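Have a look at the structure below, then the notes.
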Amino acid sequence: MAFTMPTFATRLFRPFTSSARLGITADTAGGSASTVIPEGAEKATIAAGCFWGVEHMYRKHFGSKGLYDARVGYTGGDLSNPSYRAVCSGQTGHAEALQLHYDPTQITYRQIIEFFYRIHDPTSPNRQGPDVGPQYRSAIYYHGAEQEAVAREVTRQADEQWYKGGVATEVAPAGRWWDAEDYHQQYLHHNPSGYECPTHFLRAFPPLQ
């Protein structure tokens, strides 16, 4: 049986190159070649630290509730076609991020953003747990004015009611998106003992008012 390092050391020693990327795109449908995104689907882009755990939690929670696809990748930076190695340097400006495509008749954008604030620590700028650097920042990248309004409202409510004024989440327009390398996609599904940031867990907060 192959040995899998269960701690953040996994991130330090995981390969910087592996199989070819799937669909390195500039904010396109974002799915793999086998994923068909139906007409009418909506898109959400968020960043909450190491994208392995973020993707895993969204798939687990929303997978049977109208989630069409979830892709990990890079956004918010200046370098075109960034590699994982480049993003890990902290010099490209990118965040490790998650892009979701979902059925808006089954999932609301507000549900996606409330879940975002339940599953990570938005109070620590440029880090999540042992993962430190601007690539691990907390961010919501909105697609359009309606998403911006919801993102800012939920951020204000979560800041006041759940985090007592400590939220440091960036709320900004969505920019160019690049899919991460193939081996990052559904990483924890393929590597169940792989690293998951200790800040990634579902918090039992009361409903926002």
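All figures in this text were calculated on a predicted structure; none of them were measured in a lab.
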In the structure I gave you, are the side-chain heavy atoms of [X] and [Y] within less than 4.5 Å of one another anywhere?
X      : Y      : value
Lys43  : Tyr102 : no
Tyr136 : Pro130 : no
Glu153 : Arg110 : yes
Trp162 : Arg118 : yes
Asp179 : Arg71  : yes
Ile113 : Ile46  : yes
Tyr117 : Thr155 : yes
Phe116 : Ile140 : yes

Can any side-chain N or O of [X] pair as donor or acceptor with the backbone N or O of [Y] at less than 3.5 Å?
X      : Y      : answer
Tyr109 : Pro104 : no
Gln161 : Gln209 : yes
Gln128 : His120 : no
Arg152 : Val150 : no
Gln111 : Thr108 : yes

Verdict with supporting geometry, Ser80 and Arg176, side-chain contact (heavy atoms from CB on, under 4.5 Å): CA-CA 9 Å; Ser80 293; Arg176 201 168 192 181; 3.9 Å; yes
Glu146 atom CD, over 12 foreign heavy atoms within 6.0 Å: no
Tyr58 ring center near Phe51 ring center (under 6.0 Å): no
Residue that, paired with Val154, satisfies side chain to side chain contact (heavy atoms under 4.5 Å, CB included) out of Ile112, Thr169, Asp159, Leu208: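 When side chain to side chain contact (heavy atoms under 4.5 Å, CB included) is applied between Val154 and each of Ile112, Thr169, Asp159, Leu208, only Leu208 qualifies.
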NZ/NE/NH1/NH2 to OD/OE distance under 4.0 Å, Asp131 and Arg137: no
Test log, rule side-chain contact (heavy atoms from CB on, under 4.5 Å), inputs His200 and Ile119: CA-CA 5 Å; His200 290 160; Ile119 64 166; 5.7 Å; no
Stepwise side-chain contact (heavy atoms from CB on, under 4.5 Å) test for Arg127 and Thr199: CA-CA 10 Å; Arg127 76 175 297 161; Thr199 68; over 6 Å; no
Transitive ILVMFWY side-chain link Leu202 to Phe62, under 4.5 Å: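 Per the 4.5 Å side-chain linkage, Leu202 and Phe62 are co-clustered.
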Separation of Arg59 CZ from Ser64 OG (nearest 0.5 Å):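 Answer for the OG-CZ pair, Ser64 versus Arg59, is 12.5 Å.
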For [X] against [Y], the heavy-atom pair lying closest together:
X      : Y      : value
Gly90  : Pro134 : O-CG, 3.6 Å
Phe201 : Arg203 : O-NH1, 2.8 Å
Leu67  : His101 : CD1-O, 3.5 Å
Gly66  : Ile107 : C-CD1, 3.4 Å
Cys50  : Glu96  : CA-OE1, 3.5 Å
Gly194 : Tyr187 : CA-CE2, 4.1 Å

CA sep, side-chain torsions, deciding dist, call: Glu170, Tyr141, side-chain hydrogen bond (donor to acceptor under 3.5 Å, both in side chains): CA-CA 8 Å; Glu170 173 189 12; Tyr141 297 110; 3.2 Å; yes
Residue list, ring-ring contact (aromatic ring centres under 6.0 Å, His included) with His61, at least two apart or on another chain: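 Testing His61 for ring-ring contact (aromatic ring centres under 6.0 Å, His included), a comparison that skips the adjacent residues, returns Phe115.
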Does the side chain of [X] pick up a donor-acceptor pair with the side chain of [Y] at under 3.5 Å?
X      : Y      : value
Thr45  : His143 : yes
Ser83  : Tyr74  : no
Tyr183 : Asn191 : no

Test side-chain hydrogen bond (donor to acceptor under 3.5 Å, both in side chains) applied to His94 and Thr75, step by step: CA-CA 5 Å; His94 292 87; Thr75 194; over 6 Å; no
side-chain contact (heavy atoms from CB on, under 4.5 Å) assessment of His56 paired with Gln186: CA-CA 7 Å; His56 185 68; Gln186 299 190 58; over 6 Å; no
